[in-house]
2 protein chains.
Amino acid sequence: MARRRQTVTIKHVAADAGVSLQTVSRVINNEPNVRPEMQERVREAIARLGYVPSIAAQRMSGSRSYLILALNDRDRTIADWRARQGSDWVDQMLLGGMLQCAEHGYRMIFELVDTHNDHVERELLAAIAALQPDGVVLTPPHSDNPLIVGVLARQNIPFARIGSLGRGGGIPLIMDDEGSARKATQALIELGHRRIGFIAGNAEYSLSQWRVDGWRAAMADAGLPTDGLLAASDFSFATGTSAARTLLGQAERPTAIIASNDQTALASLDVAHALGLAVPDDLSLISFDNTPVVRFARPALSAVDQPVAETVARAVDLIIAAQRDGTVPAAPVVVPAGLVLRESVAPPRG
Amino acid sequence: MARRRQTVTIKHVAADAGVSLQTVSRVINNEPNVRPEMQERVREAIARLGYVPSIAAQRMSGSRSYLILALNDRDRTIADWRARQGSDWVDQMLLGGMLQCAEHGYRMIFELVDTHNDHVERELLAAIAALQPDGVVLTPPHSDNPLIVGVLARQNIPFARIGSLGRGGGIPLIMDDEGSARKATQALIELGHRRIGFIAGNAEYSLSQWRVDGWRAAMADAGLPTDGLLAASDFSFATGTSAARTLLGQAERPTAIIASNDQTALASLDVAHALGLAVPDDLSLISFDNTPVVRFARPALSAVDQPVAETVARAVDLIIAAQRDGTVPAAPVVVPAGLVLRESVAPPRG
DNA sequence: TTGAAAGCGCTAACAT
DNA sequence: ATGTTAGCGCTTTCAA
């Protein structure tokens, strides 16, 4: 159908301003060696004609594409969308990433990629070949996928790795998982809790281990044992239920539980109800993520607030800086997380 | 930095297969006039080299960009993201739109545009000039914005208008707002309710009126009056609260309320509690949208389920069909909505 | 400081 | 049925 051409091109601007294409191009790209009066004349022509460069043409001639690719795990993301449990990870990514891209005149393209697939490399290379992005934002578990990291490193594309400290290239950013697990644990200890259980998350995500580490460190600092207080999950409600049952089924059960995400925290709340335990009087509960649902739970759940938007915004800034002048942070970027205390936390009974 | 060139281009494929560029191009685009054996040879070369066409180059040569722009209202979307109330409109759009785009080899680019801005036209034209999208998906309230619709119509870009029946170009799609309001009203009538209040939504959205119409029609069909049973809101919790107060503050108060979205329904629930009214025994409640939060309300709210993902997927299909062969549906597309009954609905007391 | 020429990867139009 | 030519809009050489 209707083959559309650019309505206003650099040629029109050049003609209108009475200069060469080159001068216009220089002005667009803020290059030196243009007299102020020329600048002025060109800018006026651009404004008058409503000219906006075609990113396709810019990319074609070897310049930037002004596109940043944000990659999420396909299965998990689609499952979250379908479940409609209120997980707003994607929204927070967009909030931070898309708006920050816009600040720099870039666009964020959101894509889903299968992590558990031998075609990952092909899939990713195809996206790169088709879009020619100037940078890529990786989220867990992709951030630690050696195949993905390898492709990006070899292609020499600046990329951020959210939730990873891995080596092998890219800019690592973490949301201070260890620190916030520690903070949550300390908050409970200060309330008088001594037996604080922890439900670990999917081991495929490095951050799961960091959270466990933070909890363990805080317990050790306070001279408290952790035996029998750690249970595993894969972040799902079902495995959270088993984990909570294990923890709460013991003779000497914990008076508080920290769960590695909201789903396992909600599962713990359910198990507590089933066992006739009152929250927070018999059991205090803190979760990770602070997605919308925890506010609507009864009682409302306390939670570590993951600064997703802020972290992705930082990632975008760093990617753009990297592709402009090759600068990357010397050390991993640590974005501090908050702890939101709600009704689910109280001193232990008795 | 590092000026990257396409690693594998159509030239490489042509050389590898021993044919001309054109033949490769024809195979890529499934054009006729290529012998099966040639097809075969080219496809093998493509697979062997891992070739993927650059969409920038494709667009440059006057072909498609394989990009579809999805436009949402900036203020509202950002406010929703920041509020973290669990609205998953954007996620459902992506679920339906992005996946359907992928089916066709397209990509969806999500953008925010200010509807209340005299630069709308410029903003939109800039996005079009930069990206050269093959189509645009409009959501409310953009779908009925004459400035936006005008630009798209003039630029001759296929576009879908979700939640609009407006004329003036584009493909209108609605989620059967009138029908579902009617269905919800009828469900309450069948339970024995006779005084059924309705909280209308933001008048800027056409669908607000359609929902009112559906309620009014169902009431009329049952021979029930609607005087004093309609209250206005702008979809916000605050205005929902006033609306509920107005409805429930009357001498002869309604025994059921249908709210035009989840926020106003939650507000009604709050007001009912404040007035000492039990839900559902003293007051039945049905909302629109069925976002995640309603499931977590106590009692869980019944809701009309807006088929957002399905509607956006349809929109993508229609846009692609339109730009391929110019075909557009003769009549507005109506995607049926569901009614999910939960604890908030019961027969009226007494 | 400015301009002219060449080419990015691909497709449309025109040969053959 | 296949190949050749020209050109999309822009930036990068290179020249003046």
Side-chain angles (χ1 to χ4, degrees), chain A residues 1-42 46 49 51-67 105 126 128-132 134, chain B residues 1-42 45-46 49-67 105 126 128-132 134:
Chain A
M1 284 256 54
R3 56 192 296 72
R4 275 174 295 102
R5 284 240 171 72
Q6 209 79 344
T7 25
V8 182
T9 73
I10 197 170
K11 269 189 196 160
H12 299 103
V13 177
D16 187 277
V19 299
S20 73
L21 301 189
Q22 216 24 249
T23 305
V24 178
S25 174
R26 288 191 178 104
V27 172
I28 294 169
N29 296 296
N30 291 314
E31 278 167 28
N33 298 337
V34 183
R35 279 180 312 179
E37 40 192 295
M38 276 278 145
Q39 285 245 9
E40 180 72 2
R41 242 200 308 161
V42 172
I46 289 177
L49 301 179
Y51 168 70
V52 176
S54 151
I55 64 170
Q58 292 186 123
R59 174 67 245 180
M60 278 302 296
S61 50
S63 162
R64 284 163 289 184
S65 66
Y66 297 99
L67 258 25
I128 292 172
L131 295 169
Q132 302 271 51
D134 289 337
Chain B
M1 284 249 59
R3 55 188 302 70
R4 275 172 296 102
R5 284 241 171 69
Q6 209 78 344
T7 25
V8 182
T9 73
I10 197 170
K11 270 190 196 161
H12 299 102
V13 178
D16 188 277
V19 299
S20 72
L21 301 189
Q22 210 30 246
T23 303
V24 178
S25 175
R26 288 192 179 104
V27 172
I28 295 169
N29 296 295
N30 290 311
E31 278 168 29
N33 298 337
V34 183
R35 276 182 313 181
E37 39 193 298
M38 277 278 144
Q39 286 246 10
E40 180 73 2
R41 243 201 305 162
V42 173
I46 289 177
L49 301 177
Y51 167 71
V52 176
S54 150
I55 64 168
Q58 292 187 124
R59 175 65 243 183
M60 278 302 295
S61 53
S63 160
R64 284 162 289 183
S65 66
Y66 297 99
L67 258 26
I128 292 172
L131 297 168
Q132 301 270 56
D134 289 337

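The structure presented is a predicted model; accordingly, all values stated were derived computationally and were not measured. Chain letters run A, B, ... following the sequence lines, proteins first and then strands; every chain starts at 1.
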Completion exercise
When rounded to the nearest 0.5 Å, the distance separating CD of B:Q39 from CD1 of B:I46 is 9.5 Å
Problem - Spacing of A:Q132 atom CD and A:M60 atom CE [to the nearest 0.5 Å] - result: 9.5 Å
Please state how far atom [atom1] in [X] lies from atom [atom2] in [N], giving the value in whole angstrom units.
| X | N | atom1 | atom2 | answer |
| --- | --- | --- | --- | --- |
| A:E40 | C:dT2 | CD | P | 14 Å |
| B:K11 | C:dG7 | NZ | P | 9 Å |
| B:L131 | D:dG9 | CG | C1' | 15 Å |
| A:I28 | D:dG9 | CD1 | C1' | 10 Å |
| B:I10 | D:dT4 | CD1 | P | 14 Å |
| B:H12 | C:dG9 | NE2 | P | 8 Å |
| A:R59 | D:dT11 | CZ | P | 12 Å |
| B:E37 | D:dT2 | CD | C1' | 12 Å |

Practice task
Please report the shortest heavy-atom distance between B:S61 and B:Q58, naming the atom on each side.
Solution key: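 Answer, listing the atom of B:S61 first, then B:Q58: OG-O, 3.0 Å.
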[X] side chain, from C-beta outward: closest of [options]:
| X | options | value |
| --- | --- | --- |
| A:N29 | D:dT12, D:dT11, C:dT11 | D:dT11 |
| B:T23 | D:dA1, C:dT11, D:dG3 | D:dG3 |
| B:S61 | D:dG9, C:dG9, D:dT11 | C:dG9 |
| B:P53 | C:dC10, D:dT12, C:dC8 | C:dC10 |
| A:S63 | D:dG3, C:dC10, D:dT11 | D:dT11 |

Exercise for the section: Report yes if some heavy atom in the side chain of A:I28 is under 4.5 Å from a heavy atom in the side chain of A:Y51; otherwise report no. Expected result: yes
Fill in the blank from the handout: Walking DNA chain D from its 5' end, the first of B:R35 and A:T7 to be reached, judged by nearest nucleotide, is B:R35
Practice task
Identify whether any heavy atom of B:Q22 sits under 4.0 Å from a base atom; if not, whether one sits that close to sugar-phosphate; answer base, sugar-phosphate or nothing.
Solution key: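 Touches a base.
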Is the phosphate of [N], meaning OP1 or OP2, less than 4.0 Å from a side-chain N or O of [X]?
| X | N | answer |
| --- | --- | --- |
| B:S25 | C:dT11 | yes |
| B:Q58 | C:dT11 | yes |
| A:Y51 | D:dC10 | yes |

Exercise for the section: State whether the distance check finds a donor on one side and an acceptor on the other, under 3.5 Å, for side chain B:R26 versus base D:dG3. Expected result: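 Yes, the side chain and the base share a sub-3.5 Å donor-acceptor pair.
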Problem - Among B:V42, B:V34, B:N29, the one residue meeting side-chain contact (heavy atoms from CB on, under 4.5 Å) with B:V24 - result: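 Going through the options one by one, the only one that passes is B:V42.
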Practice task
Hey, which sits more toward the 5' end of DNA chain C by its nearest nucleotide, A:M60 or B:V24?
Solution key: A:M60
